[in-house]
Amino acid sequence: MSMIADFYGGKSILITGATGFLGKVLMEKLFRTSPDLRVIYILVRPKAGQTLQQRVFQILNSKINMQMKTRRPHELFEKVKEVCPNVHEKIRAISADLNQNDFAISMQDMQELLSYTDIIFHCAATVRFDDHLRHAVQLNVTATQQLLLMASQMPNLEAFIHISTAFSNCNLKHIDEVIYPCPVEPKKIIDSMEWLDDAIIDEITPKLIGDRPNTYTYTKALGEMVVQQESGKLNIAIIRPSIVGATWQEPFPGWVDNINGPTGLIVAAGKGFLRSIRATPMAVADLIPADIVVNLTLAVGWYTAVHRPKSTLIYHCTSGNLNPCNWGKMGIQVLATFEKIPLERAFRRPKADFTTNNVTTQYWNAVSHRAPAIIYDFYLRLTGRKPRMTKLMNRLLRTLSMLEYFINRSWEWSTYNTEMLMSKLSPEDQRVFNFDVRQLNWLEYIENYVLGVKKYLLKEDMAGIPEAKQHLKRLRNIHYLFNTALFLIAWRLLIARSQVARNVWFFIVSFCYKFLSYFRASSTLKV
Ligand SMILES: CCCCCCCCCCCCCCCCCC(=O)SCCNC(=O)CCNC(=O)[C@H](O)C(C)(C)COP(=O)(O)OP(=O)(O)OC[C@H]1O[C@@H](n2cnc3c(N)ncnc32)[C@H](O)[C@@H]1OP(=O)(O)O
Ligand SMILES: NC(=O)C1=CN([C@@H]2O[C@H](COP(=O)(O)OP(=O)(O)OC[C@H]3O[C@@H](n4cnc5c(N)ncnc54)[C@H](OP(=O)(O)O)[C@@H]3O)[C@@H](O)[C@H]2O)C=CC1
């Protein structure tokens, strides 16, 4: 019997960010392992043209490609529907916008939340690296503060679990499971965002974020400080995952549905847009599968509520110090998988070189990214279509420049609390809520990740693989043809202009002629 699964039975759980990547995997696991839980409240913001019910329906029935000829890929909640057929009734979507005062929750809904919530998992955040500081502060700091205020009014609340990021202190090389203070108090930042105008905020942003690379990591660090300062009598824990990737095992391997982190680059490599990347092959790729993060989160929820640690514990959910993989190994495995299972309608054949210095990066960006895009757009214009490749390539290059910080450095995260928690679990819980990253086989995981990107994110049909392979063969032939034509044109121009080139050309031609004459003579002799 799993103590953790048992603990969540009959509970009312509030999840923010349940429509996001991690939130969905968290909700799925909760329903699958504790189908007898009372209700999951999810705070959902209205989105253009979609009602709350439609958004919930979308989570429970991920869209499928109607043209699929083979068996459709798994839906995330497929297994849940078997063990908890009334899952629809147990999700209570509450209209809320974390950017608004009191989250714009109706009085009635607020009353229900305050009266019944037993556990809170706070996953919502803006994860955009380039978000304006005002917006990033609003969501990652002020909303966390407001949620803590709400939590303090919940009489039944047993635990508040805050999802942060292992990169909140990425300005340090070695990071312990403690909260590191930021020079300016979060309260001062929150206040100043109310009266400073955008232009001034833009000006002070670099000074405030200091040696962090972006507003995301900075505001997540401020969010942690707020959690520490406002914890009061609450039972709180903070989880810091590193780079969250597709699921490892549950509910099935390779599930992923958004393009954040490495996923976008895997797609770009598979489609042949990404041909070179400024990354340090030996730098640690601190990836962590989403199901490991979720298992740790649920175990932390249980431990925090039942054992009530005296202080706020921080748990690093990272892989680097227990089972390291590096970007070089990851890149090779991604490309090897695309050889076997290519994506459909690739722009070029998947091939991505790692470069480590600025000059080669600029060179390859010009030759492998910009030039093919310009040529392709020229072709689109000639055929009367709208050019789009240059725009797409510019966006990819911008994304690459934002991610570069994370793929050219290595960090060390201590994991004492996470290992302590593992030792407190029963053998059954260690199995059901497995967060031991040492058991993960990277090559197998990355292969499943790539496969998952194809199936779940791009919703491509496996029956299309032979056609995708044919397409890559055609691209290879076009590549050879193009290179040969380019070589001949360059050579022709060179011969026309240079005596040395002409001499070399005559030497090669006469050499070939002599060789062929000799070959013909010797074969005539044999006869
Ligand atoms: C051989 C293979 C080798 C593989 C090597 C793998 C290397 C992986 C490196 C990953 C490092 C990740 C480090 C993350 C560390 C922090 C983790 C966290 O805590 S936080 C969690 C992590 N948080 C994050 O990862 C957030 C990172 N993302 C951002 O901050 C923003 O998207 C942006 C600033 C990069 C672009 O903003 P903006 O220009 O306004 O545009 P939009 O957002 O509207 O998207 C526009 C277009 O860009 C496209 N695209 C988007 N993302 C990616 C991507 N990752 N990739 C590729 N493409 C991407 C997207 O398709 C779209 O195309 P289209 O639909 O127009 O055709
Ligand atoms: N992905 C990763 O690599 C990592 C993520 N994390 C952390 O994990 C958590 C979850 O990340 P992830 O699932 O990847 O992120 P997603 O971007 O997939 O999800 C973010 C969630 O926050 C919700 N949200 C955003 N703004 C608002 C708002 N104004 N009101 C209500 N809800 C809002 C989104 O709702 P909507 O659907 O309406 O947009 C969505 O459900 C975050 O706290 C992140 O910092 C930490 C380390 C790595």
Side-chain angles (χ1 to χ4, degrees), residues 1-13 15 17-42 53 55-65 68 70-93 119 121 123 244-258 263 288-299 301-302 425 428-436 439-440 444-445 447-462:
M1 182 63 193
S2 159
M3 279 195 290
I4 300 178
D6 203 31
F7 165 76
Y8 288 106
K11 293 274 191 298
S12 303
I13 299 157
I15 302 180
T19 50
F21 174 44
L22 212 54
K24 278 184 254 190
V25 183
L26 175 68
M27 209 160 49
E28 192 279 340
K29 176 84 184 201
L30 264 169
F31 276 124
R32 190 158 39 85
T33 49
S34 308
D36 56 338
L37 59 80
R38 190 182 153 268
V39 64
I40 295 188
Y41 295 113
I42 59 174
Q53 284 64 33
R55 292 204 72 189
V56 174
F57 182 83
Q58 216 170 46
I59 300 175
L60 293 176
N61 309 280
S62 38
K63 275 183 268 167
I64 24 172
N65 183 350
M68 284 201 179
T70 56
R71 192 179 175 275
R72 59 191 167 85
H74 305 285
E75 287 168 25
L76 182 65
F77 281 75
E78 195 173 274
K79 290 183 180 171
V80 166
K81 287 174 190 169
E82 284 164 21
V83 293
C84 183
N86 61 339
V87 55
H88 297 86
E89 292 159 20
K90 291 201 175 208
I91 298 181
R92 169 98 163 77
I119 316 276
F121 293 107
C123 301
V244 183
T247 54
W248 168 33
Q249 292 171 319
E250 291 181 273
F252 23 76
W255 191 83
V256 60
D257 81 335
N258 76 14
T263 311
I288 193 83
D291 46 343
I292 290 197
V293 181
V294 160
N295 286 343
L296 174 69
T297 303
L298 293 176
W302 161 79
L425 301 194
E428 176 66 355
D429 277 333
Q430 286 183 357
R431 189 184 63 77
V432 180
F433 295 90
N434 183 8
F435 53 85
D436 187 355
Q439 295 168 17
L440 183 138
E444 196 181 280
Y445 171 70
E447 186 167 320
N448 284 329
Y449 193 159
V450 173
L451 198 63
V453 163
K454 182 175 171 71
K455 282 202 284 188
Y456 308 118
L457 178 68
L458 302 176
K459 303 191 192 310
E460 289 187 3
D461 192 345
M462 289 296 146

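Hydrogens, waters and symmetry mates are skipped; everything else that's a heavy atom, side chains included, is used.
Taken from CD1 in Ile91 to CD in Gln53, the straight-line distance is 11.5 Å, to the nearest 0.5 Å. If you take CD1 on Ile13 and CE on Met27, they are separated by 11.0 Å, rounding to the nearest 0.5 Å. To the nearest 0.5 Å, the span separating NZ on Lys81 from CG on Asn86 amounts to 13.0 Å. In this structure, Arg92 CZ and Ile40 CD1 are separated by 13.5 Å, a value rounded to the nearest 0.5 Å. The distance from atom CG of Leu22 to atom CZ of Phe121, rounded to the nearest 0.5 Å, is 11.0 Å. Rounding to the nearest 0.5 Å places CD of Gln249 at 7.5 Å from CD of Gln439.
Between Cys123 and Ile15, the closest heavy-atom pair is SG-CG2, 4.5 Å. Among all heavy-atom pairs drawn from Ser12 and Arg38, the shortest one is OG-NH1, 2.6 Å. Residues Glu75 and Asn61 approach most closely at OE1-CA, 3.8 Å, considering heavy atoms. Taking each heavy atom of Leu440 and Pro289 in turn, the nearest pair found is CD1-CG, 3.3 Å.
The ring pair (Phe, Tyr, Trp, His ring centres under 6.0 Å) test applied to Tyr449 returns Tyr445, not counting sequence neighbours. Every residue meeting the side-chain contact (heavy atoms from CB on, under 4.5 Å) condition with Asn258, not counting sequence neighbours, appears here in chain and number order: Phe21, Asn260. Lys90 meets the salt bridge (Lys or Arg N to Asp or Glu O under 4.0 Å) test with no other residue; sequence neighbours excluded. Taking the salt bridge (Lys or Arg N to Asp or Glu O under 4.0 Å) definition, one finds that Glu428 meets it with Arg431, sequence neighbours left out. Remark: Asp6 pairs with no residue by the salt bridge (Lys or Arg N to Asp or Glu O under 4.0 Å) rule, at least two apart or across chains. Among residues two or more places apart in sequence or in another chain, the salt bridge (Lys or Arg N to Asp or Glu O under 4.0 Å) test is passed with Arg32 by Glu28, Glu250.
With Tyr8 as the aromatic partner, Lys29 does not meet the cation-pi criteria of under 6.0 angstrom to the ring centre and within 45 degrees of the ring axis.
Between Thr33 and Val432 there is a side-chain heavy-atom pair separated by less than 4.5 Å. Using a 4.5 Å heavy-atom cutoff, the side chains of Tyr456 and Thr247 are not in contact. Taking 4.5 Å as the limit, every side-chain heavy atom of Val293 sits out of range of all side-chain heavy atoms of Val25. Between Ile59 and Leu76 the shortest side-chain heavy-atom distance does not fall below 4.5 Å. Using a 4.5 Å cut-off on side-chain heavy atoms (C-beta onward), Trp255 and Asp291 make no contact.
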Let's go through Trp248 and Asn448 carefully: what are the C-alpha distance in whole Å and the side-chain angles of both, what is the deciding distance for side-chain contact (heavy atoms from CB on, under 4.5 Å) to 0.1 Å, and is it a yes or a no?
CA-CA 8 Å; Trp248 168 33; Asn448 284 329; over 6 Å; no

If you apply the rule side-chain contact (heavy atoms from CB on, under 4.5 Å), what do you find for His88 with Val56, and how did you get there?
CA-CA 8 Å; His88 297 86; Val56 174; 5.8 Å; no

In sequence, state the C-alpha distance, the side-chain angles, and the governing distance for Leu298 and Leu26, and then conclude on side-chain contact (heavy atoms from CB on, under 4.5 Å).
CA-CA 8 Å; Leu298 293 176; Leu26 175 68; 3.7 Å; yes

For Trp302 and Phe433: C-alpha separation, side-chain torsions, deciding distance, then whether side-chain contact (heavy atoms from CB on, under 4.5 Å) applies.
CA-CA 11 Å; Trp302 161 79; Phe433 295 90; over 6 Å; no

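No donor-acceptor distance shorter than 3.5 angstrom exists from the side chain of Ser34 to the backbone of Leu37, with no hydrogens or angles considered. At distances below 3.5 Å, at least one donor-acceptor pair connects side-chain atoms of Lys11 with backbone N or O atoms of Phe7. The main-chain N or O of Phe252 is never found under 3.5 Å from a side-chain atom of Lys79 such that the two would form a donor-acceptor pair.
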